[in-house]
2 protein chains.
Amino acid sequence: MLSDVMEDYLKAIYSLQMEHGPPVSTSSIAEYLGKTPPTVTSMVGKLEERGLLEREKYKGVELTTEGETVALEVLRHHRLLEAYLTEHLDYSWSEVHEEADALEHHISEEFERRVAAALGDPEVDPHGDPIPSADLTPPKSAGLSTLSDHGVGDTLVVCRVSDRDPEELEYLSEAGVTPGTTIEITDVAPFGMVTVRVVDSGREQSLPESVAQTIRVRAPDEECEDESVSTV
Amino acid sequence: MLSDVMEDYLKAIYSLQMEHGPPVSTSSIAEYLGKTPPTVTSMVGKLEERGLLEREKYKGVELTTEGETVALEVLRHHRLLEAYLTEHLDYSWSEVHEEADALEHHISEEFERRVAAALGDPEVDPHGDPIPSADLTPPKSAGLSTLSDHGVGDTLVVCRVSDRDPEELEYLSEAGVTPGTTIEITDVAPFGMVTVRVVDSGREQSLPESVAQTIRVRAPDEECEDESVSTV
DNA sequence: GGGTTGAATTAGACGTGTCTAAACTAAATA
DNA sequence: TATTTAGTTTAGACACGTCTAATTCAACCC
Ligand SMILES: [Mn+2]
Ligand SMILES: [Mn+2]
Ligand SMILES: [Mn+2]
Ligand SMILES: [Mn+2]
C-alpha cells in the first residue's frame with residue numbers, strides 16, 4: 001500500500017545511506033529527488049509514522065529494517081529490469097535506467113520472478129550494481145574504492161559505474177570503460193582530471209574528477225566484493 | 001502529460017463506445033471503472049476542457065479524434081504487453097490482463113517499439129483483440145457476431161474472448177475454447193445456457209449466457225474481420 | 001400539461017503530494 | 001557569550017482524484 005512516491009523516497013534514502021551513511025539529511029534527500037526541503041520534511045514525517053524510518057529532528061533520518069526491505073525490493077525490481085532490458089530487448093547501457101525507474105513500482109511479484117528466471121538469477125545489473133536477492137537480505141556490499149582514490153601507475157579493474165547520468169554512461173561505453181575492464185592510471189592532473197589507459201585496447205581516456213568519483217574499482221587480483229562481508 | 005487515471009478513462013470510454021456506440025453515459029463509465037457518478041462527471045469535465053472528448057450535458061460523451069488516439073495508444077501498449085508476457089515470459093492467458101493494466105501507462109515509446117519488434121508486429125493479442133497499429137489509425141474492427149447470436153447446429157470459429165475476467169478465461173482455456181477454435185452449437189436452453197462441442201477434441205461444454213455474449217465468432221469460411229472495413 | 005422518478009450534476013469535503021514564505025534551531029563566528 | 005547563518009521545520013496554499021449528500025434535469029406516465 002505504499003505509493004510509488006514513498007518507494008522513491010525510501011530508495012533515495014537507502015542510496016544516500018550507502019554513500020555517506022546515516023543520518024541522511026533533509027536537504028540531501030531533497031537534492032537527490034529534485035524536491036524542496038519542506039516537501040521532504042513532510043514526506044519523511046509520514047514514513048516515520050509508518051515505521052519505515054527513524055528520525056531525529058534537525059539531524060536526519062535512518063531507515064528501519066522494514067524501510068530497508070522496501071528499498072531493497074524496489075532496487076531489486078529496478079536492477080532486474082535493467083538487466084532484462086539489456087539482455088532481451090536490446091537496450092543500451094545508457095537507456096535502461098530511466099525505463100526501469102518508471103516500471104519498478106508497477107511490476108508484480110510474479111513478473112519479478114519470471115524476469116529473474118529468464119535471466120538466470122543474475123547478481124549484478126549492467127552497471128555492476130548488485131541485485132538484491134529474492135529474500136531481500138541486505139547485501140554486504142561496498143568496501144570498494146573509487147577511481148579517484150588511486151594514483152598514477154595503479155592498475156585496476158572497473159567494478160561499478162553510476163547509472164544515473166545517461167550522458168556519462170554514453171561517454172564511458174564509447175571510451176570502453178565498463179564493468180570488468182582493466183585500466184591503468186597514466187596521469188592525474190592537479191585539478192582532479194584522471195587519465196586512464198584501457199589495457200585491452202591501449203586507448204587513453206581522460207575523465208573529470210566528478211566522473212572518477214563514481215567509478216568503483218578493485219585490484220586485479222581481488223573480487224568485486226559485493227557478496228563477501230567487508231567493512232563499511 | 002495525461003495522468004494514468006485520465007488514460008484509464010479514455011480507454012474505458014473507447015471500449016464502451018465500441019460496444020454500444022456513443023454517447024457514453026456517466027453511469028456506464030462509473031460502473032466500468034468502479035467509480036461513483038460524481039467522480040466521473042468531474043473527470044469528464046477535465047477531459048472535455050483538454051479537447052479529448054465532447055460532452056452533452058445529461059446525455060453523455062464521445063471521444064474526439066485526439067481522445068481516440070490516446071485510447072488507441074494505451075490499448076496498443078496493453079495488448080502488446082499481453083502478447084509479450086504470453087510469448088516471452090510464459091504467462092498464461094488469464095494472468096496477463098492485470099499485469100498489462102499496471103504497466104501500460106508506464107512504458108516508453110522505445111519500449112513499445114522494441115516489444116513490437118520482438119513479437120514481429122502482431123495484429124492480435126492472446127484474447128484475439130486487435131492490436132492498434134503503430135500509427136494509431138482507428139482499426140475498422142467489429143462486425144463480428146457473438147456466440148449468443150447463433151442457434152443449434154451452427155458451426156463457428158472463435159475470434160475473440162473478453163480479457164477482463166481471469167476466472168472466465170481460466171474456465172475457457174480449460175474448456176479448450178480459445179481464438180481459432182472451431183465449435184458447434186449443440187444446445188441452447190431457454191434461459192440462455194449454450195452448449196457447444198469443440199470440433200477438434202469432441203468435448204462438450206456449457207456456457208452461461210453472460211459468457212456467450214462476450215465470445216465473438218465468425219463463420220468457418222470468413223475472416224476475423226478486424227482488418228477489413230465493415231459496418232459498425 | 002403536471003407530477004414522478006431515475007440519472008446527472010453541483011456542493012462540499014478529504015487525503016496525497018507538492019510548493020512558497022515565514023519561523024525556528026543549532027552550529028559556527030565574532 | 002552574543003550574533004550570524006545555513007539548514008530545517010511550520011504555516012498556509014493548491015492541484016488532483018475521490019467520496020457522500022443535496023440538488024437539478026429530462027424523460028416518461030397519467
Ligand atoms: Mn538504474
Ligand atoms: Mn518484488
Ligand atoms: Mn487486457
Ligand atoms: Mn506508444
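Predicted, not measured: the structure shown is a model, and the values here were computed from it. Below, read A as the first sequence line, B as the second, and so on, with proteins coming before strands; counting in each chain starts at 1.
- Contacts of B/Tyr84 classified as ring pair (Phe, Tyr, Trp, His ring centres under 6.0 Å), with partners at least two apart in sequence or in another chain: B/His88.
- Residues A/His106 and A/His77 keep their aromatic ring centres 6.0 Å or farther apart.
- For A/Ser173, the side chain to side chain donor-acceptor pair (under 3.5 Å) criterion is met by no residue, not counting sequence neighbours.
- At a threshold of 4.0 Å, the pair A/Glu7-A/Lys11 does not count as salt-bridged, since none of the basic side-chain nitrogens sits closer than that to a carboxylate oxygen.
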In B/S/- notation (B base, S sugar-phosphate only, - none; protein heavy atoms under 4.0 Å), nucleotides 1-18 of chain C written 5' to 3' is -------SBB------BB
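- When the P atom of D/dG7 is taken as reference, atom CD of A/Glu31 falls 11 Å away, rounded to whole Å.
- For the pair B/Ile29 CD1 and D/dG17 P, the interatomic distance rounds to 15 Å; values are reported in whole Å.
- Side-chain contact, B/His127 with B/Ser162: no donor N or O sits under 3.5 Å from an acceptor N or O.
- Rounded to a whole Å, the CD atom of B/Glu49 is 13 Å from the C1' atom of D/dA15.
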